[in-house]
Amino acid sequence: MAHTKEHIVAQMKRIRLVPVYHTDGITEAKTVVDFCYGAGIRVFEFVNRSDNALRTFAALREHCEQYDDFILGVGTIFNVEDAERFYDIGAQFIVSPALVKPVAHFANLNELLWIPGCGTITEVHEAKVLNTDFIKVFPANVLGTAFVKAVKSVLPKVNIMPTGGISPKKEVLDQWFDAGADCVGIGSKLFKNLEDEGSDALGKMLRHIQKMD
């Protein structure tokens, strides 16, 4: 099912958490998506981090067709060639670790949500000029919550998703949302936390952060 940029942004802001995940194992990827969907996740970023990523993503995209309201995108996109490859097999949004103008132009041409990584006010402003609807503050563990507060103080309407090194602990998430984050992207620490705390940990986390709005 196709989803508009506006719908994806609304879902990100409603659910407030985007898992950021990579594996070369197709079965493992399907299991993780099924688990996340069951817990209430509706936006999921698969990371383009290996030579097999395209193959795994294609299988995952087909698997996700059973979930009409599940939105599957791809991250770590640095060039138009990769953006086009993943878009052609069904990526519903694209995330870049940096502000890559050619990818922005590709996304705009195809009315595709593009989320660029930004680390300065200048980059955030430039991303807005390039018509992005969400900003990825990256790496979040280096820039910190103070950067999010600074961005919101001068660009209060920008949608921000800190990503990179964020702990899924409640007190840490509270700090990011108190600073003005609209959503958080969490990778390996999220899945390590699920291993440690059990299968209901993700559902509890979602319920907690959604009450903070």
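Remember, predicted model here, so these are calculated numbers, not experimental data.
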Q: Specify the closest pair of heavy atoms between Val148 and Ala181, including all atoms of both residues, with the distance to one decimal.
A: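 In this case the closest contact between Val148 and Ala181 is CG1-N, 3.8 Å.
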Q: Determine whether a donor-acceptor pair (N or O, by modelled atom type, separation under 3.5 Å) exists between the side chain of Asn79 and the backbone of Asp82.
A: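 Side chain of Asn79 to backbone of Asp82: a pair is present.
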Q: Out of curiosity, does Leu60 fall in the hydrophobic cluster containing Ile71 (side-chain heavy atoms, cut-off under 4.5 Å, transitive links)?
A: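 In one cluster with Ile71: Leu60, no.
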Q: Any side-chain heavy-atom pair from Val18 and Val184 closer than 4.5 angstrom?
A: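 Counting from C-beta outward, Val18 and Val184 never come under 4.5 Å.
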Q: Any side-chain heavy-atom pair from Phe78 and Pro97 closer than 4.5 angstrom?
A: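 Phe78 reaches Pro97 side chain to side chain.
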Q: If you look at every heavy atom in Val103 and Ala83, which pair is closest and at what distance?
A: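 That closest heavy-atom pairing would be CG1-CB, 4.5 Å.
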Q: Taking NE2 in His125 as the centre, count heavy atoms belonging to other residues, nucleotides or ligands within less than 6.0 Å. Is the count above 12?
A: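 12 or below, so no.
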Q: Under a 4.5 Å cut-off applied to non-hydrogen side-chain atoms, are Phe134 and Cys183 in contact?
A: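 Side chain of Phe134 against side chain of Cys183, heavy atoms only: contact under 4.5 Å found.
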Q: In this structure, are over 12 heavy atoms from other groups packed under 6.0 Å from Glu111 atom CD?
A: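 Open.
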Q: Within the distance-only criterion (no hydrogens, no angle test), does the side chain of Gln92 pair as donor or acceptor with the backbone N or O of Leu72 below 3.5 angstrom?
A: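 Checked: pair present.
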Q: Between Pro116 and Thr132, which heavy-atom pair has the shortest distance, and what is it?
A: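 Looks like CD-OG1, 3.3 Å.
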Q: How about CG on Asp88, more than 12 heavy atoms from neighbouring residues, nucleotides or ligands closer than 6.0 Å, or not?
A: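 More than 12 heavy atoms, drawn from other residues, nucleotides or ligands, come within 6.0 Å of this atom.
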Q: Would you list the pairs meeting salt bridge (charged side-chain N to carboxylate O under 4.0 Å, His left out) in which at least one residue belongs to residues 119-140, sequence neighbours left out?
A: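 Of all non-adjacent pairs touching residues 119-140, those that pass salt bridge (charged side-chain N to carboxylate O under 4.0 Å, His left out) are Lys5-Asp133, Lys101-Glu126.
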Q: Do Asp69 and His3 have side-chain atoms, one donor and one acceptor, less than 3.5 Å apart?
A: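 Judged by distance alone, the side chains do not pair up.
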Q: Any Lys/Arg nitrogen of Lys152 or Asp182 sitting under 4.0 Å from an Asp/Glu carboxylate oxygen of the other?
A: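 Between Asp182 and Lys152 there is a salt bridge, with a charged N closer than 4.0 Å to a carboxylate O.
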Q: Indicate yes or no: at least one non-hydrogen side-chain atom of Arg16 is less than 4.5 angstrom from one of Leu173.
A: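 In short, these two side chains do not touch, never coming nearer than 4.5 Å.
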Q: Taking C-beta and beyond as the side chain, do Val20 and Phe44 meet within less than 4.5 Å on heavy atoms?
A: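 Sidechains of Phe44 and Val20: no contact.
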Q: Give the minimum heavy-atom separation between Asn110 and Phe106, together with the two atoms involved.
A: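 What the structure gives for the nearest pair is ND2-O, 2.9 Å.
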Q: Hey, are the side chains of Leu17 and Ile209 touching, using non-hydrogen atoms and a 4.5 Å cut-off?
A: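 Of all side-chain heavy-atom pairs linking Ile209 with Leu17, at least one is under 4.5 Å.
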Q: Mind checking whether Leu190 and Met161 sit in one hydrophobic cluster, side chains of I, L, V, M, F, W, Y counted as touching below 4.5 Å?
A: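 Result: no, two separate clusters.
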Q: Find out if a path of hydrophobic residues (ILVMFWY) with successive side-chain heavy-atom gaps under 4.5 Å connects Met12 to Ile15.
A: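 Hydrophobic grouping puts Met12 apart from Ile15.
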Q: Answer yes or no: is there a side-chain heavy-atom contact under 4.5 Å between Phe86 and Ile94?
A: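 No, too far: nothing below the 4.5 Å cut-off.
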Q: For Thr4 and His7, indicate whether the former's side chain and the latter's backbone hold a donor-acceptor pair under 3.5 Å.
A: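 Yes, Thr4 side chain to His7 backbone: donor-acceptor pair under 3.5 Å.
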Q: Do Thr23 and Glu28 have side-chain atoms, one donor and one acceptor, less than 3.5 Å apart?
A: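 Looking only at side-chain atoms, Glu28 and Thr23 do form a donor-acceptor pair, the distance falling under 3.5 Å.
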Q: Val151 and Val154: same hydrophobic cluster, using ILVMFWY side-chain contacts below 4.5 Å?
A: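 Yes.
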Q: What is the minimum heavy-atom distance between Ile166 and Gly185, and which atoms define it?
A: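 So the two residues come closest at CD1-O, 4.2 Å.
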Q: Side chains of Asn48 and His22: any donor to acceptor distance under 3.5 Å?
A: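 No, no side-chain donor-acceptor contact under 3.5 Å.
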Q: Take His105 and Leu130 through the test side-chain contact (heavy atoms from CB on, under 4.5 Å) and record every step on the way to the result.
A: CA-CA 8 Å; His105 297 320; Leu130 290 168; 3.9 Å; yes
Q: Closest heavy-atom contact between Val172 and Ser167?
A: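 Minimum heavy-atom contact is CG1-O, 3.7 Å.
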Q: Can you find a heavy atom in the side chain of Val124 that is under 4.5 Å from one in the side chain of Leu155?
A: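 Touching, per the 4.5 Å side-chain cut-off.
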Q: Please work out which of the three classes, parallel, tilted or perpendicular, describes the rings of Tyr37 and Phe70, given edges at 30° and 60°.
A: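 Taking Tyr37 first and then Phe70, their aromatic rings stand perpendicular (interplane angle over 60°).
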